[in-house]
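Every value quoted in this text rests on a predicted model; they were computed, and no experiment measured them. A note on names: the letters A, B, ... follow the listed sequences, proteins ahead of strands, and every chain is numbered from 1.
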There are 2 protein chains.
Amino acid sequence: MLARQRQAIILEEARRSGAVRVSDLVQRLGVSDMTVRRDLDVLAGRGLVEKVYGGATTIGDRSTDEPGFEAKSVQQQDHKEAIAARAAELVHPGSAIGLSAGTTTWTFARALAGIADLTVVTNSVRIADVLHESPQPGRTVILTGGVRTPSDALVGPVAVQSIRNLHLDMVFLGVHGMADGPGFTTPNLTEGETDRALMESARKLVVLADHTKWGTVGISTIADLADASVVVSDADLPDDARATLSEHVGELIIADVPSNPEAGE
Amino acid sequence: MLARQRQAIILEEARRSGAVRVSDLVQRLGVSDMTVRRDLDVLAGRGLVEKVYGGATTIGDRSTDEPGFEAKSVQQQDHKEAIAARAAELVHPGSAIGLSAGTTTWTFARALAGIADLTVVTNSVRIADVLHESPQPGRTVILTGGVRTPSDALVGPVAVQSIRNLHLDMVFLGVHGMADGPGFTTPNLTEGETDRALMESARKLVVLADHTKWGTVGISTIADLADASVVVSDADLPDDARATLSEHVGELIIADVPSNPEAGE
DNA sequence: CACAAACCGAACCTAACTGAACAAAATCCT
DNA sequence: AGGATTTTGTTCAGTTAGGTTCGGTTTGTG
C-alpha cells in the first residue's frame, strides 16, 4: 500500500467521523504507530487534520482557543452535527434555500440528505459536491459563480450578481464571529460581500454558530444580530450570550448533543 | 510490446484501482523498473496520473469518479494535446478568455500553464481545478454559476446570466459534433444554451475539435461554421472536411502530432 | 498521591525507491 | 549495409519510507 493511499484512507475516515485514533489506524492499516503518526504529520502539515493527543481531528476553527481541553475539537464536531441536525428541521420540503461556505454549513449540507424537492444555492464547490453525493428526487443544486478563495468560497462580482437574481425562502449562514454590536462577522472582506448578497436575497436568515463563535469579531460585518430570524447554537453557549441573542434575534435555538448531554465541562 | 501499449495498460490499471505501484508493474509487464518509471513520467507529464513514492495515483483525491469524463485512449489523447498546444499559441498574455466544458478544453487548460496575466472564465469545475493547480502570477479564474450536469458542466439560467455580463477576447469551445449545415453541435440542450451564451460574449470564437467530430451532429446547434474565427483540428481530418471548413470558417489550423510525442514540453 | 498504561517524539537502522549516467539492444533512415 | 536514433536494461550513489527502541510525558485509576 502506498503512503498516499494510506493517507487518503485516514483523511476519509477523519472526515467521516470527525476524528481518528492512532491505535485504531494501526489496527486497520496494519502498520506501526510511528508510521501512522508520520502520516498524520503530513496531513496536518497540509492543514487537512489537526493532531491531538491520541490521534487527530478534522480541522475546526481555532479562533477562540482555550488551552487545557484536548478533546475540544471532537466535541466541536459533535456540536456542529447537533446544530446541523436541529437546523435541518427548519427546512421544509419543496423550499429553496441558500448555504454559505464554511465547515458548519458543510456539516449542515450532509444533514439535508433526507429532505425531498429542495433547491439549494451555495457558493461552495465542496458543499455542492456533498449535495451531489446523495442525489434526491426533485433536488436541484445551483452553484453561484465567482472566483474561488483558498477557503473554498466563490466570491466577487460574478458571485454577487448571480445571487442577486435569485430569491430564496431561507439562507443558512455559517459565520466566523458573532458579538453584540458588530453582529455577525467574517474575517474575509469579499466573502463578507458574498454572504451579504446571499442574505439579502432570502426572506429568512438562519445563522449557524457554535458557542466558540461568541465574542469573536471579524473585519467584515455580514448582518446585525437583529437581522437573523433564527440563530442555532449549542448547549455550551454562555448565559450572557443567550440573553443578548434572545433579546435581539428572532429566535434562539440551542441544539443538545444527543448522546451524553452532561459531558460538557 | 510498444511503449504506448504499456502506458495504456498502466493507465487503465491506475484508473481501475486508484493507484499502481512500480514493483507490481515490473512483474505484470515484464520490464525493468526504470522503464516503468519512464512510462509513469510520460503519463504524469500529461497529467493523467500523479507520481508518488513507490508508484503513482490517479489525479485528484477528492472527486475521483466522474461519469462521462474519461480520456478515451492514449492515441486520441495525442491528438487532443497537439490541438491544445497549437490553440494555446493563439492566446496572448493579458487577455481574457472563455473555456467551455469538455475533455478537449480540459487538455487545453493544461496547455495554458505558461501564459501569464490571464483571466479565464469557464463553466467546468474540473477545468477551474486544473487552472488552480499551477498558479500563475496575474491569473484569475472565474467559475460561472449554474447547475452541474453529469458531464461536469455548469448550465442553466444562472450560468447564462453570469456569462452575459462578461466580455471576453476569445472563447475556446469544445464541441461534440461539426458538420456542414448543422454547424457546431452538442447533444445536450442546456449545455448548448450555455455554450451559445459563452460564444456570444466573446469577440472571437475558436473551436477545438479532433477529426472524430466531423460528421457528428448533436441535437443542439451552438454556432454555424461561419461563426468560428478559427477551428483547430488534427492531421487525421479527411480532405472533404478540410475543404468545407476552409470555405466557411475564418481559419483552419491543423495540429500535427509531433513524431516524438513524449519529448514534448 | 502514586502507579500503570497509553502516548509521544527523537534517534537509529534496514530495505526499498529514486534519478543520473552509461551500456546494450532494437529500430529507423538513407 | 552502416550509422543515427530511440528504447530498454544495468549500475551506482543518494534519498526516503517504515520499523524498532528508548526516554520522557500525559492520562486514568486505585
Side-chain angles (χ1 to χ4, degrees), chain A residues 1-11 13-14 17-46 48-57 65-75 260 262-265, chain B residues 1-11 13-14 17-46 48-58 61 74-75 77-78 81-82 256-265:
Chain A
M1 156 123 29
L2 296 168
R4 241 353 137 62
Q5 290 178 285
R6 234 176 21 232
Q7 288 158 16
I9 290 173
I10 292 174
L11 185 58
E13 180 71 18
S17 61
V20 287
R21 300 184 59 82
V22 172
S23 50
D24 291 347
L25 292 171
V26 166
Q27 282 283 326
R28 180 137 145 58
L29 301 170
V31 294
S32 75
D33 54 345
M34 271 314 293
T35 300
V36 170
R37 273 192 208 100
R38 281 187 272 244
D39 284 338
L40 292 179
D41 278 338
V42 171
L43 293 174
R46 283 197 266 158
L48 298 170
V49 303
E50 183 181 3
K51 284 187 72 176
V52 295
Y53 195 93
T57 67
D65 212 11
E66 289 173 83
F69 280 94
E70 307 279 3
K72 185 175 170 215
S73 296
V74 179
Q75 290 182 352
N260 41 348
E262 299 300 318
E265 245 59 0
Chain B
M1 163 158 340
L2 264 42
R4 212 42 86 58
Q5 291 176 283
R6 237 177 18 233
Q7 289 159 16
I9 290 174
I10 294 174
L11 185 58
E13 180 71 16
S17 61
V20 287
R21 70 176 22 251
V22 172
S23 50
D24 291 347
L25 292 171
V26 166
Q27 284 282 326
R28 179 135 146 60
L29 302 170
V31 293
S32 74
D33 54 346
M34 269 315 292
T35 301
V36 170
R37 265 186 218 108
R38 281 186 274 245
D39 285 340
L40 291 179
D41 277 338
V42 171
L43 293 174
R46 290 185 179 158
L48 299 171
V49 302
E50 183 183 4
K51 283 188 73 176
V52 296
Y53 196 94
T57 65
T58 48
D61 26 355
V74 181
Q75 274 93 353
Q77 188 62 20
D78 280 348
E81 273 166 28
D256 277 316
V257 177
S259 54
N260 175 13
E262 268 76 4
E265 175 248 337

Checklist entry - Which angle, rounded to 10°, do you find between the first-five-pair axis and the last-five-pair axis of the helix from dC1(C)-dG30(D) to dT30(C)-dA1(D)? => result 30°
Next on the checklist: Which residues pass the salt bridge (charged side-chain N to carboxylate O under 4.0 Å, His left out) test with Arg21(A), not counting sequence neighbours?
Outcome noted: none
Next on the checklist: So if I define the base as every atom that isn't primed, P, OP1 or OP2, how would nucleotides 9-14 of chain C read as a B/S/- string at a heavy-atom cutoff under 4.0 Å?
Outcome noted: B-----
Can you tell me the distance, in whole Å, between the [atom1] atom of [X] and the [atom2] atom of [N]?
X        : N       : atom1 : atom2 : answer
Leu25(B) : dA16(C) : CG    : C1'   : 16 Å
Gln5(B)  : dT8(D)  : CD    : P     : 11 Å
Leu2(B)  : dA25(C) : CG    : C1'   : 16 Å
Asp39(B) : dG19(C) : CG    : C1'   : 16 Å
Arg4(A)  : dG18(D) : CZ    : P     : 12 Å
Leu29(B) : dT8(D)  : CG    : P     : 11 Å
Arg21(B) : dT18(C) : CZ    : C1'   : 14 Å

Checklist entry - NA contact type, Val36(B), heavy-atom cut-off 4.0 Å: base, sugar-phosphate, or nothing? => result nothing
Next on the checklist: The criterion is side-chain contact (heavy atoms from CB on, under 4.5 Å); which residues satisfy it with Gln27(B), sequence neighbours excluded?
Outcome noted: none
Checklist outcome for this item: Of the candidates dG19(D), dT27(D), dC17(C), the side chain of Tyr53(A) sits closest to dT27(D)
Item to check | Selected nucleotide, minimal atom distance to Val22(B) side chain, candidates dC17(C), dC7(C), dT18(C) | outcome: dT18(C)
Item to check | OP1 or OP2 of dT7(D) under 4.0 Å from side-chain N/O of Arg6(B) | outcome: no
Item to check | Any Ser32(A) side-chain nitrogen or oxygen under 4.0 Å from OP1 or OP2 of dG18(D) | outcome: no
Next on the checklist: Just to verify, which of Thr57(A), Val20(A), Leu11(A), Ile10(A) counts as forming a side-chain contact (heavy atoms from CB on, under 4.5 Å) with Val49(A)?
Outcome noted: Leu11(A)
Checklist entry - Would you say Val26(A) and Val31(A) make side-chain contact, with heavy atoms under 4.5 Å? => result no
Next on the checklist: Assess the residue pair Glu13(A) and Asp24(A) against the criterion (side-chain contact (heavy atoms from CB on, under 4.5 Å)); give the C-alpha distance rounded to whole Å, side-chain angles, the decisive distance to 0.1 Å, and a yes or no.
Outcome noted: CA-CA 11 Å; Glu13(A) 180 71 18; Asp24(A) 291 347; over 6 Å; no
Under 3.5 Å, which donor-acceptor pairs link side chains of residues 37-44 of chain A to any protein atom two or more places apart or in another chain?
from: Asp39(A); atom 1: OD1; to: Arg6(A); atom 2: NH2; distance (Å): 3.2
from: Asp39(A); atom 1: OD1; to: Gln7(A); atom 2: NE2; distance (Å): 3.0
from: Asp39(A); atom 1: OD2; to: Arg6(A); atom 2: NE; distance (Å): 2.7
from: Asp39(A); atom 1: OD2; to: Arg6(A); atom 2: NH2; distance (Å): 3.0
from: Asp41(A); atom 1: OD1; to: Lys51(A); atom 2: NZ; distance (Å): 2.8

Next on the checklist: As an exercise, state the distance from CD of Gln5(A) to CG of Leu29(A), rounded to the nearest 0.5 Å.
Outcome noted: 11.0 Å
Next on the checklist: My understanding is that only residues two or more places apart in sequence, or in another chain, count here; which of them pass side-chain hydrogen bond (donor to acceptor under 3.5 Å, both in side chains) with Ser23(B)?
Outcome noted: none
Next on the checklist: Please compare Thr35(B) and Val31(A) by the position of their nearest nucleotide in DNA chain D and report the one closer to 5'.
Outcome noted: Thr35(B)
